[in-house]
Amino acid sequence: MRPKINFTPGPSQLYFTVEDHVRTAFREGIPTLSHRSKQFEAIYRKSVDGLRTLLDIPENYTLVFTGSANEIWERIIQNLVEEKSFHLVNGSFSKRFFEIAQQLNKKPEKIEVAMGKGFDASMAIPAGTELIAVTHNETSSGVSLPMEVIAGLRAKNPGALLTIDAVSSLPYPSFDYTQFDSVFFSVQKGFGLPAGLGVWLINDACVAKAEQLLTKGISIGSYHSIPSLYSHALKYQNPETPNVLGIYLLAQVVEDMVRRGIQNIRKETEYKAAILYKALHDNGLTNPFVQEKAFQSNTVIVAECGEHTEKITKLLVENGMQPGDGYGAFKKTQLRFANFPTHSKEQYELLVDTLAKV
């Protein structure tokens with residue numbers, strides 16, 4: 001049976017080279033490799049160097065690996081916040097980040113807008129905020145924040161660290177890394193890999209803040225504290241036995257993407273998004289959920305389908321395509337479509353042609 005094209009926004013379609021890389025990994029014994037071996041250090045280094053090239057990451061950022069992006073939420077709050085974080089909440093995942101800060105007994109504050117809405121840089125950030133948490137691309141709603149919003153937050157709040165959740169946007173966006181201090185993602189979305197690996201970029205200011213909290217006697221976690229992750233990363237190692245296979249596959253897929261060219265990936269992403277948004281406008285039964293074009297995501301596109309959701313889903317599945325359900329309260333009235341590098345132009349053209357038949 002031919003597998004369906006997976007448009008769910010995570011875990012999503014595997015990158016088309018992953019199957020061959022898995023075979024190679026098993027032939028070479030990668031899954032049982034010692035994480036203290038020189039061979040593993042070479043894999044770690046290849047992954048880091050490849051990501052630096054692909055995403056144009058500056059040298060003052062250190063890349064570390066965790067079990068997931070969810071874990072990174074917790075590590076950020078533990079390591080970078082003594083009391084006060086401030087969260088931009090416009091969907092289920094940005095809200096969960098805020099709730100984790102509450103569960104860790106911090107004193108977070110938030111500005112919250114309705115699903116499908118974005119923010120502007122004029123918002124007031126409370127005095128004494130140590131960390132501003134921004135979700136660049138809200139996977140639940142398909143809202144993406146323009147770069148000028150992030151730059152505005154940085155300009156008006158130079159004393160606060162700024163962290164970016166880029167779980168469902170990278171590798172597409174071209175970030176200016178001077179505008180924030182921490183960015184993170186997991187690999188099962190835009191990088192087209194099996195779940196189970198989080199990637200966290202931290203700059204020198206994050207390392208200094210974690211060490212400052214530690215000096216004050218504040219608990220910042222144990223094996224995955226920033227000082228521990230940082231000191232091991234300098235040797236291309238992890239504190240514990242990590243997902244060795246995941247790091248290997250990430251290195252290989254990133255190498256494939258570098259060869260393909262990040263500018264080509266970005267242009268294709270924009271083309272695919274444009275034709276799908278047009279199809280949702282033109283189809284009398286659907287509309288884009290995010291109405292303001294400035295906030296429409298190019299990587300997670302959410303369709304408002306109302307009472308026609310089940311019918312549209314059935315048609316797509318019958319034609320070999322699996323859309324993502326709407327999130328939470330929108331499960332029965334929306335569909336979400338991942339637009340990641342693994343989704344080809346031809347697959348998106350097939351999707352658009354099929355929607356025209358509804």
Query raised in the report: Do Tyr44 and Phe65 have their ring centres less than 6.0 Å from each other?
Result: yes
Report task. Considering only NZ, NE, NH1 and NH2 on the basic side and carboxylate oxygens on the acidic side, decide whether Lys84 and Glu109 come within less than 4.0 Å. Result -> yes
Query - Within 6.0 Å of NZ in Lys117, more than 12 heavy atoms from elsewhere - result: no
Report task. Kindly indicate, with the supporting measurements, whether the criterion ring pair (Phe, Tyr, Trp, His ring centres under 6.0 Å) is fulfilled by Tyr277 and Phe337. Result -> CA-CA 11 Å; Tyr277 276 119; Phe337 297 93; over 10 Å; no
Query raised in the report: Taking the six-membered ring for Trp, are His21 and Tyr15 ring centroids under 6.0 Å apart?
Result: no
**Report entry** Donor-acceptor contact below 3.5 Å, side chain Ser186 vs main chain Val167
**Finding:** no
Query raised in the report: Relative to the ring of Phe289, is the ring of Phe330 parallel (under 30°), tilted (30 to 60°) or perpendicular (over 60°)?
Result: tilted
**Report entry** Derivation of the side-chain hydrogen bond (donor to acceptor under 3.5 Å, both in side chains) call for His35 and Glu240
**Finding:** CA-CA 8 Å; His35 66 294; Glu240 84 298 355; over 6 Å; no
**Report entry** Candidate pair Leu201 and Ile57, rule side-chain contact (heavy atoms from CB on, under 4.5 Å), full reasoning
**Finding:** CA-CA 9 Å; Leu201 285 61; Ile57 300 168; 3.4 Å; yes
Query - Donor-acceptor pair between Ser94 and Glu138 side chains, under 3.5 angstrom - result: yes
Query raised in the report: Quick one: does Lys189's side chain have a donor or acceptor within less than 3.5 Å of a partner on Pro9's backbone?
Result: yes
Query raised in the report: Does NZ in Lys110 sit with more than 12 non-hydrogen atoms of other residues, nucleotides or ligands closer than 6.0 Å?
Result: yes
Report summary line: Looking only at heavy atoms, the pair that brings Arg23 and Asp20 closest together is NH1-OD1, 3.1 Å
Report task. Look at the rings of Phe185 and Phe191 and say which category their plane angle falls in: under 30° parallel, 30 to 60° tilted, over 60° perpendicular. Result -> parallel
Query raised in the report: Side chains of Thr17 and Asp256: donor-acceptor distance under 3.5 Å anywhere?
Result: yes
Report task. Compute whether any side-chain donor of one residue and acceptor of the other, for Arg266 and Thr269, lie under 3.5 angstrom apart. Result -> no
**Report entry** Aromatic ring pairing Tyr327/Phe93, orientation class (parallel under 30°, perpendicular over 60°, tilted between)
**Finding:** tilted
**Report entry** Modelled atom types, side-chain donor and acceptor of Ser297 and Ser144, under 3.5 Å
**Finding:** no
Query raised in the report: Distance only, no hydrogens: is a donor on one side chain within 3.5 Å (strictly under) of an acceptor on the other, for Glu270 and Tyr172?
Result: yes
Query raised in the report: Are side-chain heavy atoms of Leu316 and Gln322 found at a separation under 4.5 Å?
Result: no
Query raised in the report: Are a donor atom and an acceptor atom from the side chains of Asn137 and Ser168 found within less than 3.5 Å of each other?
Result: yes
**Report entry** Backbone N/O of Gly221 and side chain of Ser225: donor-acceptor pair under 3.5 Å
**Finding:** no
Report task. Answer yes or no on whether Arg75 is positioned over the face of Tyr223, meaning its NZ or CZ is under 6.0 Å from the six-membered ring centre and within 45° of the axis. Result -> yes
